[in-house]
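Before any comments, here is the structure.
Numbering starts at 1 and runs along the sequence shown.
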Amino acid sequence: MIKKIILLMGPPGSGKGTQGKILAENLMLPHVSTGDIFRKMTKSDTEESRLLSEYMVSGRLVPSDLVNKIVRKFLLSGDYKDGCILDGYPRNLRQAEYFIENIDTEISSVFFDVTDEIIIKRINGRYNCQSCGAIYNKYFDNPKTDGICDHCGSSELTARSDDDEKTVIARIEEYKKETLPLVEYYKRKGRFFTVNAEASKEEVIKEIALIAKRI
Ligand code: AMP
């Protein structure tokens, strides 16, 4: 059994990644993002990684059988016995059912509530550190030294290939159709917290710190 898993729910660009890393530090639990795992996997040259890329570049969800297999292997590897912050999974009903049936754990959920307009603005300026995954924004959240990651010192800072406007719109549509219905389900299961993800990064950090005390 895994002690506890905190699910991060919300549309792309709602701040799950940034705030998830902060929550993970607060609770001293690892931050597990399926998007990050898949992006790493796409760097190798296998049939599986080609399939992942094919879906990711177009903003569509990767088929659930493959996602479930990868997540199960990852979570049951033994490294996550004390729990984790799970970002980006489950993303549809099929994954949620698989999760309940295969992963024995206590669940809390944090929902990042934000409108489409804000999402598009945020994603538009977003870029990442390729080495540690830290997230920046060219309009309002650059590293202290231009082009150098604050967290690990790497100079490999680039935008995600699926952060262009057309793909973002496809990702938001997938989210509304497939993932949003799960939010209603998790509201009734375990502890559920809603964050006003339209507030400034600093305000959301404060809200996350309060939630961390209640989890
Ligand atoms: P993210 O970094 O969470 O925005 O995920 C980036 C992309 O990875 C998504 O647009 C999907 O193509 C894929 N992905 C990540 N997590 C999942 C999942 N649980 N189910 C299906 N596809 C996923």
Minimum heavy-atom separation for Arg171 to Asp162, with atom names?
NH1-O, 2.7 Å
Under the salt bridge (Lys or Arg N to Asp or Glu O under 4.0 Å) test, residues paired with Glu174 that sit two or more places apart
Lys177
Judged by atom type as modelled, is there a donor-acceptor pair below 3.5 Å linking the side chain of Ser44 to the main-chain atoms of Thr46?
no
Considering only Ile, Leu, Val, Met, Phe, Trp and Tyr, and joining two whenever side-chain heavy atoms are under 4.5 Å apart, list the other residues clustered with Ile148.
none
Any residue meeting side-chain contact (heavy atoms from CB on, under 4.5 Å) with Glu184, in chain and number order, not counting sequence neighbours:
Lys187, Arg188
Please identify each residue that fulfils side-chain contact (heavy atoms from CB on, under 4.5 Å) with Asp79, with sequence neighbours left out.
Ser77
Contacts of Phe193 meeting ring-ring contact (aromatic ring centres under 6.0 Å, His included) (sequence neighbours excluded), chain-then-number -> none
Run the ring-ring contact (aromatic ring centres under 6.0 Å, His included) test against Phe74 and tell me which residues pass, sequence neighbours left out.
Tyr80
Determine all donor-acceptor pairs shorter than 3.5 Å in which one atom belongs to a side chain in residues 126-135; sequence neighbours excluded.
residue: Arg126; atom: NE; partner: Asp163; partner atom: OD2; Å: 3.0
residue: Arg126; atom: NH2; partner: Asp163; partner atom: OD1; Å: 3.2
residue: Tyr127; atom: OH; partner: Asn142; partner atom: OD1; Å: 2.5
residue: Gln130; atom: NE2; partner: Thr158; partner atom: OG1; Å: 2.7

The criterion is side-chain contact (heavy atoms from CB on, under 4.5 Å); which residues satisfy it with Lys121, sequence neighbours excluded?
none
Distance-only criterion, 3.5 Å: show the donor-acceptor pairs between side-chain atoms of residues 22-32 and protein atoms not counting sequence neighbours.
residue: His31; atom: NE2; partner: Asp87; partner atom: OD2; Å: 3.2

What side-chain donor-acceptor pairs closer than 3.5 Å can you find for residues 206-215, not counting sequence neighbours?
residue: Glu207; atom: OE2; partner: Asn196; partner atom: N; Å: 3.4

Which ring-ring contact (aromatic ring centres under 6.0 Å, His included) pairs, counting each pair once, include a residue from residues 97-125, with sequence neighbours left out?
Tyr89-Phe99
For Asp65, all residues meeting salt bridge (Lys or Arg N to Asp or Glu O under 4.0 Å), sequence neighbours excluded
Arg94
